[in-house]
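Shown next, in structure tokens, is the structure this report addresses.
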Amino acid sequence: MSNRLLKSCCSAVFVLVCIGFAYWFCLPDYSTFVDWPKGTHTWTQFDHLALIERFMEPGASFWQPRTYLLESEDGIIGVDAPIHQWLIALKAKFMNYEPVRMAQLYGLVLFFMSVAALIMSLTYTSRISFFGVFGGFAYATLPLAHYYSSGILPSTWALSTTVIGLSTAWIGFQERKNWALILAFLLFGLSALTRTTHVLPLLALTLVVLGDFIIHQRRVWSVILSSALAWVAFVGWQLYKQHLTNTYGTFFLNELMPPSSFQEGFSLVKLIVVKWCREIVNVFLVLIADPFLLVLFNKKNAQGISSQFKFFLALLSLFILVFFIVMMRQFVAHEYYFLDTLYPVLIGFILIVLSSLGQGQFMQWMKKSTVIFYLMIGLSFVAFFGQVFYSNSLFAAKHTNYDQVNRTSEVRQAFVGADKWLDEAGLSRDATIFVPDAASHNLPLVLSKRRGYTTRRTNAKTIQEGLENQPDYLIGHDDYFLSEVVTMYPELRSMLKPIAQSGQLTLYEIKQQNRELSAAQLLGQKLSMKFPIQTQNSSSEWEFYDILKDNEHRPGRYYLQGRVTTLQPNTQFQFVGSLDIERKPHHYISKPITITKSGSVQWFAAMIDVPKSNREDLKLNLYLYNPARHTIQIDGLQLNVQMRQD
């Protein structure tokens with residue numbers, strides 16, 4: 001082994017040990033590596049986890065990717081080439097390992113491999129270990145790369161393979177190694193297959209090689225053949241994906257989302273910068289950006305950098321700018337799109353700047369001042385661990401807020417362990433289920449380990465369509481089932497029979513009943529107290545309608561039902577529970593109720609779960625809240641309470 005290669009390997013091992021140490025001892029609460037996927041884009045990760053789990057089924061085929069959602073024939077769906085999902089399923093099945101853990105471990109190992117590749121390429125070409133170490137720290141602590149490193153997302157897997165491809169392309173251009181360019185084409189092709197956005201590095205590299213072929217007559221047929229192979233595989237799968245989509249459908253995005261006007265584009269850019277800037281860059285990029293001016297304006301610093309790689313990076317930047325414009329609206333809510341676009345450019349930027357500094361006058365000056373050299377090494381370690389802690393605190397706070405307000409997180413928490421609960425209830429793994437108000441396509445189905453149907457936007461039409469699929473059972477999320485499902489489709493009162501409860505979920509048998517169940521009966525309540533409600537005049541444009549006022553705090557489930565008439569369709573009001581101290585809210589719960597029909601009497605219901613508290617000075621207030629002051633006629637109110645037994 002040559003000294004250069006040995007030095008590169010040692011630098012990579014050193015940095016990976018540091019990263020492993022940081023990940024182990026600084027592992028934040030948001031990490032998905034110790035739990036089911038959670039936090040932002042939970043629903044997307046569960047969609048890809050569904051693909052993995054269904055690849056583990058007997059007779060599964062790579063050419064027919066499936067999820068648990070049965071909106072198409074057995075859940076077959078059009079998707080980017082599921083190479084990583086298929087490999088994860090094979091490994092999990094062979095090792096008898098939980099697929100979610102295998103997927104997280106697979107992503108983390110692939111990320112570490114990409115960090116090692118970047119370090120080795122920097123050290124190998126610059127011959128200075130410090131720049132390889134610094135570049136590895138810069139990449140490993142990019143906040144989004146750090147956060148999603150163990151996520152179950154094609155963007156993370158594609159980024160890792162793209163970074164390895166960038167590292168090999170760098171060696172190929174700097175050292176004129178054809179084998180490295182061949183490997184870069186194959187890696188970029190793999191990235192493009194698994195995440196279409198990553199075709200941009202493949203396109204840029206192809207144009208550079210074709211330019212060499214045409215202008216300089218460099219006819220390296222092995223490199224050209226590898227490029228052709230990558231393109232044939234990519235185009236072939238795109239055609240096949242379109243066939244799958246046309247035949248079976250897809251719920252993955254496959255359309256452009258540009259701004260509708262220049263003004264909207266300008267507003268979106270400002271929003272994206274304000275919303276995501278802290279989660280995109282790190283302190284290392286700021287440190288690298290400072291000497292970038294030396295590289296940019298001093299030709300002596302950049303004379304050793306391949307002009308081909310510079311041209312490649314310029315083309316890639318241009319393509320990504322165009323992609324950003326045509327997909328701008330998607331960047332507002334999906335920060336992982338930066339893994340597909342900005343991060344490959346940043347990695348190329350790191351390679352050029354650090355290698356330029358290592359080959360120019362900057363490094364000669366550094367060698368003359370040993371104290372400053374070692375001081376910079378020490379500062380890089382301080383910056384590394386500081387950035388890790390910063391990223392952890394940033395995302396931990398972010399996901400604490402996300403989990404408090406996001407319905408997907410609430411559904412996830414309710415369905416964890418649902419597979420065992422359904423097994424105990426005697427539900428076959430082959431039975432199909434319907435989960436209205438699921439907030440995602442596959443999340444409750446994956447956690448239930450059952451195929452079936454879900455609704456992300458709950459209304460009478462989607463509920464009716466779900467029932468027309470003739471599922472064997474229905475599962476309701478207790479917190480919202482009355483107010484956002486049964487109120488939307490009151491016919492369910494005579495169609496459902498509760499047969500099992502988990503504490504947060506209720507399992508229903510679907511069959512026509514001879515009677516309509518009350519709100520309490522729909523959630524399987526047997527013993528309850530009934531509170532009298534004094535009817536008040538609600539014919540005017542009221543704002544508050546008292547149900548219980550300054551009542552003794554009794555923890556339990558409070559079931560409200562009644563009849564309502566509105567003058568406007570899609571009128572919304574709220575059932576509110578407030579635990580007050582001296583008439584100031586201490587704990588506040590609100591359930592939105594939407595009345596879709598106007599001019600006719602409609603049944604409605606809602607449930608509020610009042611928690612226990614050690615305070616003795618709490619007063620319970622229950623009321624309806626009509627902030628828009630719509631004219632809403634309320635009558636026939638009933639309030640039943642199921643007290644807590646614990």
* To do: First locate atom CG of Asp478, then atom OG1 of Thr506, and finally report the distance between them rounded to the nearest 0.5 Å.
  => 3.5 Å
* Asked: How about Ser155 and Asp340: does a side-chain donor come under 3.5 Å of a side-chain acceptor?
  -> yes
* Asked: Which value, rounded to the nearest 0.5 Å, describes the distance between His41 atom NE2 and His48 atom NE2?
  -> 11.5 Å
* Asked: Angle class for the Phe266/Phe262 ring planes (parallel below 30°, perpendicular above 60°, tilted otherwise)?
  -> parallel
* Using salt bridge (Lys or Arg N to Asp or Glu O under 4.0 Å) as the criterion, list what pairs up with Asp80, not counting sequence neighbours. => Lys241
* **Proximity of Tyr545 and Trp542 rings by center, below 6.0 Å** => yes
* Residues which pass ring pair (Phe, Tyr, Trp, His ring centres under 6.0 Å) with Tyr625, listed by chain and number, not counting sequence neighbours -> Phe544
Output side-chain donor-acceptor pairs under 3.5 Å for residues 595-611, partner residues at least two apart or in another chain, one line each.
unit_1: Gln602; atom_1: NE2; unit_2: Thr487; atom_2: O; d: 2.9
unit_1: Asp609; atom_1: OD1; unit_2: Arg644; atom_2: NH2; d: 2.5
unit_1: Asp609; atom_1: OD2; unit_2: Arg644; atom_2: NH2; d: 3.4

* Is there any ring-ring contact (aromatic ring centres under 6.0 Å, His included) pair reaching into residues 480-505, and which pairs are they, with sequence neighbours excluded? -> His477-Tyr480, Phe481-Tyr508
* To do: For Phe331, check ring pair (Phe, Tyr, Trp, His ring centres under 6.0 Å) against everything at least two apart and list the hits.
  => Phe324, Tyr337, Phe338
* **Any residue meeting side chain to side chain donor-acceptor pair (under 3.5 Å) with Glu264, in chain and number order, not counting sequence neighbours** => Ser260
* Ion pair present between Arg66 and Asp74, side-chain N to carboxylate O less than 4.0 angstrom? -> yes
* Structure fact -> One should read off an interatomic distance between Glu98 CD and Gln104 CD, to the nearest 0.5 angstrom, of 10.0 Å
* Asked: OG1 of Thr67 to CG of Leu51: how many Å apart, nearest 0.5 Å?
  -> 6.5 Å
* To do: Report the distance from atom OG1 of Thr565 to atom CD1 of Ile634, rounding to the nearest 0.5 Å.
  => 8.0 Å
* Carboxylate-amine/guanidinium proximity below 4.0 Å for Arg429 and Asp423 -> yes
* To do: Establish, for the pair Arg407 and Trp43, whether the NZ or CZ atom is under 6.0 angstrom from the six-membered ring centre and no further than 45 degrees off its axis.
  => no
